[in-house]
Amino acid sequence: MLRRSRRTLQVAATTALIVTAATACNAAAKNDSGSASAGSKASFTLVTPDAVGQNEFLKLAVSGIKSAAKKHDGSQKVYESTDTASQQQNVQAAVDAQPDVIVLVGFEFADIVAQQAQKNPKQQFLIIDACTTKTFKNVSCAVFREHEGVFLAGAEAGLLSKSGKVGAVDVLDTPQFRRYSDPFAAGAKKVAPKTTTDTRFVGGQSPFDDSARAKEQAGTLLAKGYDQLMAAAAAGNYGVFEAAKAKGAYAYGVDVNQCTAAPGTVVDNVIKRTDVAVEKGIESVLDGKAGTTVSYGLKEGGISLTGLEDGVETSKCVIADHTDVLAKVKELRDQIVSGKLTVDDPAAS
């Protein structure tokens, strides 16, 4: 969610129509452990949709592939893309190198992988946070149950709200994106049944990177007395944080720790552990369980909250000062993991 922008929306719509001359030599490639040799037990290649830089979402994926390479005494290579053309070039370069598993992060690669999987049936692919429309024996997918973590964040909001009004600013009014708003309301009402909830949608021409519209929608809720807001507006989250800070209200981030962007305003974050999905996904492929889609939630360690992770004391998250709330949230997490409590998925068919 966080890493997506207007550009990635365009990529998803046009990838299948673009054919770019690919090359096996790409300056964006980084190899931290050397190329695979005859003596290596395994080799893995990661292709990212954007430059890694300080993107914690992608940094976790890099960490996952490094862990897999270390575990199997093999090698790993990371190709960082910058645009549609480099995404395709990097995938082709990865295929030409013939590693044991090619890992790709994001829906941007769904169509590209579908094409490559057909042309290279012996090459194993693992897509993180997305999947191909058609099933392939050599394409494995790792998706996330974000709604479970959002529910827990909502519970925090319900317990912390002084006005009894908990809201969300979401990118689009679709079942997939309501995974970031409906469960937030459900979590709040679970712990505080009388809580009033509402969701505002960014929409417009650039729903994923319109900070101004996100701030405006947040302002609408804040003006009505909402004091806890789920920020699910992708790059527009910073607009939500600004609006909340100006009103002395609180917000919740997604994908990575966003508390550092607005200390004292961001309570907690729904963390998507791409490192877990990468490492476990590679392990599954090597074990001969390729061609499947695996869902990662609280039980598998693929979804979490910053408040439930080690180091919360130094996270700059407001929740660090509310150990009593965290204790109740941990109880709810354990109920979800055990199956005693089920969180409704707005995207379920």
Side-chain angles (χ1 to χ4, degrees), residues 1 3-5 7-20 22 44-50 57-58 61 64-65 68 78-81 83-146 172 174-177 179 208 255 272-274 276-297 300 302-303 345 347-349:
M1 169 70 78
R3 64 184 178 80
R4 288 164 171 74
S5 65
R7 179 181 66 76
T8 56
L9 272 181
Q10 294 170 338
V11 168
T14 61
T15 296
L17 302 177
I18 299 175
V19 179
T20 304
F44 313 114
T45 298
L46 172 69
V47 185
T48 67
D50 302 295
F57 183 80
L58 297 179
I65 203 163
V78 178
Y79 286 89
E80 300 182 32
S81 308
D83 53 24
T84 304
S86 63
Q87 287 168 4
Q88 296 190 24
Q89 291 170 1
N90 286 337
V91 173
Q92 186 62 56
V95 169
D96 291 344
Q98 299 181 341
D100 290 272
V101 184
I102 297 175
V103 183
L104 311 100
V105 182
F107 63 81
E108 295 89 342
F109 295 107
D111 291 337
I112 303 174
V113 169
Q115 296 167 9
Q116 291 286 359
Q118 287 182 313
K119 294 190 295 184
N120 303 277
K122 294 184 178 181
Q123 176 63 62
Q124 291 296 332
F125 298 89
L126 170 62
I127 309 180
I128 306 297
D129 204 21
C131 198
T132 53
T133 301
K134 181 181 177 181
T135 300
F136 297 91
K137 292 182 179 179
N138 59 330
V139 177
S140 302
C141 304
V143 296
F144 297 92
R145 300 194 298 278
E146 298 96 341
L172 294 168
T174 66
Q176 184 64 38
F177 293 112
R179 275 185 158 193
F208 289 90
D255 287 356
K272 194 177 293 186
R273 295 292 303 273
T274 48
V276 172
V278 169
E279 190 169 358
K280 289 189 175 182
I282 287 176
E283 193 68 31
S284 181
V285 172
L286 296 181
D287 285 343
K289 301 175 183 177
T292 61
T293 296
V294 179
S295 175
Y296 292 87
E300 298 79 12
I303 292 293
D345 181 2
S349 56

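The figures here come from the full heavy-atom set of this structure, side chains too, leaving out hydrogens, waters and symmetry mates.
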Looking only at side-chain N and O atoms, does Asp96 offer a donor or acceptor that is under 3.5 Å from a partner on Gln92?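 Distance-only check passes for Gln92 and Asp96.
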Indicate whether the side chain of Ser86 and that of Asp83 have a donor and an acceptor atom separated by less than 3.5 Å. yes
Nearest heavy-atom neighbours spanning [X] and [Y]:
| X | Y | result |
| --- | --- | --- |
| Asp100 | Gln123 | O-NE2, 3.9 Å |
| Val278 | Gly64 | CG1-C, 3.7 Å |
| Ser140 | Ala290 | OG-CA, 3.4 Å |

Under the salt bridge (charged side-chain N to carboxylate O under 4.0 Å, His left out) rule, collect the residues that match up with Glu300, sequence neighbours excluded.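 With sequence neighbours excluded, Glu300 shows a salt bridge (charged side-chain N to carboxylate O under 4.0 Å, His left out) to Arg145, given in chain and number order.
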Per the disulfide (SG to SG under 2.5 Å) rule, what does the pair list look like for residues 97-144, sequence neighbours excluded?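 Of all non-adjacent pairs touching residues 97-144, those that pass disulfide (SG to SG under 2.5 Å) are Cys131-Cys141.
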Considering only heavy atoms from C-beta outward, does the side chain of Val91 approach that of Tyr79 to under 4.5 Å? no
Hey, what's the ring geometry for Phe144 with Tyr296, parallel, tilted or perpendicular (30° and 60° as the breaks)? tilted
In Å, rounded to the nearest 0.5 Å, how long is the span from [atom1] of [X] to [atom2] of [Y]?
| X | Y | atom1 | atom2 | result |
| --- | --- | --- | --- | --- |
| Glu80 | Leu58 | CD | CG | 8.5 Å |
| Arg273 | Asp255 | CZ | CG | 13.0 Å |
| Leu104 | Asp129 | CG | CG | 12.5 Å |

Name all residues meeting the side-chain hydrogen bond (donor to acceptor under 3.5 Å, both in side chains) criterion together with Gln118; count only those two or more places apart in sequence or in a different chain, and write none if there are none.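 Expected list: none.
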